[in-house]
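Since the structure comes first, as structure tokens, the remarks are kept for the end.
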Amino acid sequence: FSFHPDPSLHSISPQRVPAAGGTWVDVYGTNFLQTPQAACRFGPSSSALEPAELVSTSHLRCRAPPRRTAAEADGVVGVQLTFNGVDFFG
């Protein structure tokens, strides 16, 4: 096995997406890894993972899912990244 520095998130674009989902979200940061498990998780109540496309070690993209709850539809939804399906950053 190998060790990698923890990824960190610096910015997300766009800042707002429609509640219906489907919009590509670009995530920028450092130490992103190319793994089959790379994914984004949108919102604290979401257990579903959206596959991530690695553009570079500092940029990846995920499609925003439809918001699942009324609280998510009306408010801010956090974004977290995983590269192994277990550890989340963001």
Measuring from His10:NE2 to Ser8:OG, what's the distance to the nearest 0.5 Å? 3.0 Å
Nearest heavy-atom approach of Leu60 to Leu54 is CB-CA, 4.1 Å
Where is the tightest heavy-atom contact between Ala39 and Cys62, given as atom of each residue plus distance? C-SG, 4.4 Å
Using side-chain heavy atoms (C-beta onward) and a distance below 4.5 Å, is Phe42 in contact with Gln80? no
Less than 4.5 Å apart, side chain to side chain, heavy atoms only: is that true for Gln37 and Phe83? no
Between Thr57 (side chain) and Asn31 (backbone), is there a donor-acceptor pair under 3.5 Å? no
Any non-hydrogen side-chain atom of Leu49 less than 4.5 Å from a side-chain atom of Phe88? yes
What are the two closest non-hydrogen atoms of Pro14 and Val17, and how far apart are they? CG-CG1, 3.8 Å
I'd like to know if the side chain of Thr82 and the backbone of Asp87 have a donor-acceptor N/O pair within less than 3.5 Å. yes
Between Phe32 and Ser56, which heavy-atom pair has the shortest distance, and what is it? CB-O, 4.0 Å
Return yes if a side-chain donor-acceptor contact under 3.5 Å exists between Thr30 and Ser58, otherwise no. no
Between His59 and Tyr28, does the ring centre distance come in under 6.0 Å? yes
Give a yes or no answer on whether the side chain of Arg63 reaches the backbone of Gly22 with a donor-acceptor pair at less than 3.5 Å. yes
Whether the side chain of Asp26 engages the backbone of Arg61 through a donor-acceptor N/O pair (distance < 3.5 Å, no angle test) should be reported. no
Given side chains that start at C-beta, do those of Leu33 and His4 come closer than 4.5 Å, heavy atoms only? yes
With side chains defined as the heavy atoms from C-beta onward, is the minimum distance between Asn84 and Thr35 less than 4.5 Å? no
Hey, are the side chains of Pro18 and Thr23 touching, using non-hydrogen atoms and a 4.5 Å cut-off? yes
